[in-house]
Amino acid sequence: MDKIPKETVNLRHWINNKVTNHKSHGDNSHTLLRSLRPPRKRYSCLSTVPATATMSHSLQLFAPPLPPPLSSTRQTPLHTTPHLSLLPRRSPHLQFSLRASSDPSVIVSDSNGVAMSPSSGTSDLSSIEGDAVTEAELRENGFRSTRRTKIVCTIGPATCGFSELEALAVGGMNVARINMCHGTREWHKEVIDRVRRLNHEKGFAVAIMMDTEGSEIHMGDLGGASSAKAEDGEVWTFSVRAFNSTLPEHTINVNYDGFAEDVRVGDELVVDGGMVRFEVIEKIGPDVKCLCTDPGLLLPRANLTFWRNGSLVRERNAMLPTISSKDWLDIDFGIAEGVDFIAISFVKSAEVIKHLKSYIAARSRDSDISVIAKIESTDSLKNLEEIIQASDGAMVARGDLGAQIPLEQVPAAQQRIVQLCRQMNKPVIVASQLLESMIEYPTPTRAEVADVSEAVRQRADALMLSGESAMGQYPEKALTVLRSVSLRIEKWWREEKRYEAMILPSVGNSFAEKISEEICISAAKMANNLEVDALFVYTKTGHMASLLSRCRPDCPIFAFTTTTSLRRRLNLQWGLIPFRLSFSDDMESNLNKTFSLLKARNLIKSGDLVIAVSDMFQSIQVMNVP
């Protein structure tokens with residue numbers, strides 16, 4: 001057995017002394033990490049090492065194990081006191097290891113800090129699942145060509161068929177959204193089944209998001225019509241009555257029984273965030289007569305707000321529940337169908353999100369449905385931080401939000417929401433009216449393209465098409481515009497080396513989680529500085545992949561996970577290319593297997609520079625693909 005160098009023994013004593021001192025003083029983990037800098041004199045000899053020699057130094061930092069996922073039945077206590085020790089290779093403890101090598105064929109570090117050479121392991125190609133479209137992009141144009149910003153498409157009458165869904169998936173749809181404001185549950189089930197079939201037969205990873213209706217005031221279904229045109233100067237009747245026969249001409253049902261009592265003559269009635277406007281001119285029992293002042297297209301179940309003397313009338317809205325009785329039935333439907341995301345409309349407080357997540361945990365077998373909070377009201381903005389903290393992500397619903405705050409405040413609100421979500425490590429979707437004109441026209445306005453560009457520059461995780469893909473005449477062209485604009489702005493950002501100076505605050509609660517954050521931040525910086533081709537992350541919970549996405553590195557992030565449902569949910573987050581792969585706790589074996597599988601699919605080639613991280617053994621590994 002080789003003798004341990006004296007310098008290594010001294011370094012171990014030095015580290016142990018540091019930890020003991022920090023424990024006695026009660027210092028936090030950040031102070032400890034900053035202090036773990038070996039004395040410069042230990043490494044002063046590096047300048048004399050020949051350039052042909054392999055240079056490597058390793059600092060191994062151990063932390064308590066992370067708690068198991070919520071779905072696990074094993075309960076492992078989480079120790080709160082950080083400690084450092086020398087552990088055997090197969091220890092379950094988390095480990096930070098960073099090494100460098102001048103030999104490109106050497107994997108820079110294993111979990112013991114020992115350099116190792118990759119073997120030519122082989123595995124069956126069926127043991128890894130990727131996305132067909134992304135794989136085609138990688139093979140054709142390489143790593144830098146992949147789109148980082150994800151796209152959500154609302155599915156409606158224009159896109160509900162299998163061939164139409166396949167066209168959207170081929171065009172770049174990452175998430176299919178079903179809006180429970182429209183259609184029956186039977187219709188939505190057919191859409192869900194088609195998306196699942198598409199994933200299974202065609203090799204896609206399209207996730208499904210179910211969007212609840214909410215209990216805010218909205219119109220009825222227009223008597224079965226897909227839309228109605230309101231012209232300037234026309235008088236329309238908004239009524240709370242239930243009609244047994246066909247709706248009279250220019251008549252609209254309202255879902256709120258107190259509507260006729262609350263509005264006053266002279267109030268302004270705003271439909272769907274300002275798409276159509278009316279002035280209340282007369283009240284007759286349950287009917288409210290309104291004069292159209294801004295013509296436009298009326299859509300079924302559009303949101304209604306009314307303004308008085310320039311201010312939003314919201315007292316009654318504030319008394320309505322966030323989740324209606326219909327919403328709960330829809331949520332049960334979504335849980336039964338195994339949707340990946342549930343988006344909650346008009347969230348007023350974090351308590352609503354917490355209540356829903358506990359309900360899902362009790363009703364869902366694996367509790368693997370993420371809850372997205374839609375920010376679309378003044379209540380949402382007032383409680384924004386606590387709502388985002390409680391949720392699994394957020395949606396900037398600019399249409400309804402613009403009906404409750406002055407229009408000129410919407411851009412600032414959007415930027416605030418996007419930045420806050422990124423700081424808190426929550427995916428964020430920018431939605432509503434991105435390409436509204438493409439519902440009727442094949443080409444967007446230049447202002448719409450600029451709007452999309454701004455959302456991409458703000459580094460939102462995803463962009464969403466609503467009416468453009470649900471009922472528009474050119475859904476595929478609208479999707480192409482989002483994809484091409486995203487690719488161009490992202491390419492420009494990389495070419496200009498515009499790395500953000502945004503400070504990312506710590507979101508970890510435990511010492512182990514803080515180590516994960518530091519590893520991901522370091523890996524992202526190394527990826528940018530070294531211009532690596534890709535980041536690899538092996539994750540069983542998705543947390544470390546999310547932390548890497550939060551850093552917005554230049555290169556794509558290959559996220560390897562063991563479950564299909566987690567793979568789909570990761571498809572919403574910026575820059576992640578999710579794969580399903582069966583892997584072990586042996587990092588060397590995982591890397592060899594991954595290289596073999598990806599090379600066989602022509603997704604990577606020998607010589608590509610890769611940085612790999614893992615939430616099993618906390619390590620950063622830099623290597624050239626053998």
Side-chain angles (χ1 to χ4, degrees), residues 133 137 145-160 164-177 179 182 209 211 226-227 229 271-276 294-299 302 376 395-403 407-408 410-415 417-418 428-493 572 574:
V133 174
E137 282 187 6
S145 69
T146 58
R147 170 174 45 87
R148 314 295 198 268
T149 308
K150 303 305 179 72
I151 299 176
V152 182
C153 294
T154 303
I155 307 304
T159 50
C160 62
E164 290 83 3
L165 288 169
E166 182 178 2
L168 292 179
V170 170
M173 173 178 68
N174 302 106
V175 180
R177 170 180 175 254
N179 189 352
H182 311 286
M209 177 183 296
D211 198 328
S226 60
S227 63
K229 183 76 172 181
V271 180
D272 201 11
M275 300 308 294
V276 189
D294 280 344
L297 197 64
L298 298 169
L299 300 178
E376 52 189 340
M395 180 189 296
V396 189
R398 304 181 303 176
D400 290 319
L401 184 61
L407 291 175
E408 63 272 16
V410 173
Q414 172 182 313
Q415 183 168 350
I417 297 167
V418 171
V428 58
I429 307 164
V430 174
S432 304
Q433 303 169 353
L434 284 171
L435 300 172
E436 190 76 9
S437 69
M438 293 193 73
I439 293 177
E440 299 184 44
Y441 301 102
T443 305
T445 67
R446 280 42 176 178
E448 288 171 335
V449 172
D451 181 37
V452 172
S453 300
E454 180 59 25
V456 176
R457 287 173 52 151
Q458 290 176 3
R459 298 303 185 96
D461 287 86
L463 309 174
M464 191 178 93
L465 295 175
S466 299
E468 303 96 326
S469 59
M471 53 167 288
Q473 299 182 41
Y474 308 97
E476 293 177 40
K477 289 186 176 181
L479 178 58
T480 299
V481 170
L482 286 192
R483 186 183 69 245
S484 60
V485 172
S486 298
L487 282 168
R488 184 64 191 91
I489 297 302
E490 291 165 0
K491 181 181 178 181
W492 169 79
W493 193 280
L572 177 65
W574 190 97

query = Under the side-chain contact (heavy atoms from CB on, under 4.5 Å) criterion, do Glu376 and Val396 qualify, and how do the steps go?
reply = CA-CA 7 Å; Glu376 52 189 340; Val396 189; over 6 Å; no
For residues [X] and [Y], determine if any side-chain heavy atom of one lies less than 4.5 Å from a side-chain heavy atom of the other.
{"X": "Glu164", "Y": "Ile155", "answer": "no"}
{"X": "Arg457", "Y": "Trp492", "answer": "yes"}
{"X": "Gln473", "Y": "Tyr441", "answer": "no"}
{"X": "Thr149", "Y": "Ile489", "answer": "no"}

Applying side-chain contact (heavy atoms from CB on, under 4.5 Å), can you list everything that pairs with [X], at least two apart in sequence or on another chain?
{"X": "Leu465", "result": "Cys153, Leu435, Glu468, Ser469, Ala478, Leu479, Leu482"}
{"X": "Ala455", "result": "Gln414, Val430, Leu463"}
{"X": "Val449", "result": "Pro444, Ser453, Val485"}
{"X": "Asp272", "result": "Met275, Leu299, Ala302"}

Mind checking what makes side chain to side chain donor-acceptor pair (under 3.5 Å) contact with [X], not counting sequence neighbours?
{"X": "Asp211", "answer": "Arg177, Ser345, Lys374"}
{"X": "Ser486", "answer": "none"}
{"X": "Ser432", "answer": "none"}

key: Minimum heavy-atom distance between Val152 and Ala462, given as atom pair plus value   =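 Looks like CG2-CB, 4.2 Å.
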ask   = What's the shortest heavy-atom distance between Leu487 and Ser145, and which atoms?
value =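 Scanning both residues, the minimum pair turns out to be CD2-O, 3.2 Å.
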message = Working note: Val276 + Leu297, criterion side-chain contact (heavy atoms from CB on, under 4.5 Å); need CA distance, chi angles, decisive distance, verdict.
response = CA-CA 7 Å; Val276 189; Leu297 197 64; 5.8 Å; no
task = Only counting residues at least two apart or in another chain, list the ones meeting salt bridge (charged side-chain N to carboxylate O under 4.0 Å, His left out) with Glu137.
result = none
ask   = Is Asp461 reaching over with its side chain to a backbone N or O of Val428, donor-acceptor style, under 3.5 angstrom?
value =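 Here the side-chain-to-backbone pair exists.
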task = Check whether any side-chain N or O of Asn174 sits under 3.5 Å from a backbone N or O of Ile151 as a donor-acceptor pair, and report yes or no.
result =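 Between the backbone of Ile151 and the side chain of Asn174 there is a qualifying donor-acceptor contact (under 3.5 Å).
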Test log, rule side-chain contact (heavy atoms from CB on, under 4.5 Å), inputs Val481 and Met438 = CA-CA 10 Å; Val481 170; Met438 293 193 73; 4.0 Å; yes
Which pairs count as salt bridge (charged side-chain N to carboxylate O under 4.0 Å, His left out) when at least one residue sits in [range], sequence neighbours excluded?
{"range": "residues 428-438", "value": "none"}
{"range": "residues 469-485", "value": "none"}
{"range": "residues 440-454", "value": "Arg398-Asp451"}

task = Starting at OG1 of Thr154, measure out to CE of Met173 and round the result to the nearest 0.5 Å.
result =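 CE of Met173 is found 10.5 Å from OG1 of Thr154.
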ask   = Distance from Tyr474 atom OH to Ile439 atom CD1, nearest 0.5 Å?
value = 12.5 Å
key: Ring-face cation of Arg147 near Trp574 (centre distance under 6.0 Å, axis angle within 45°)   = no
message = Counting neighbours of NZ on Lys229 that are heavy atoms of other residues, nucleotides or ligands and sit closer than 6.0 Å, is the number greater than 12?
response = yes
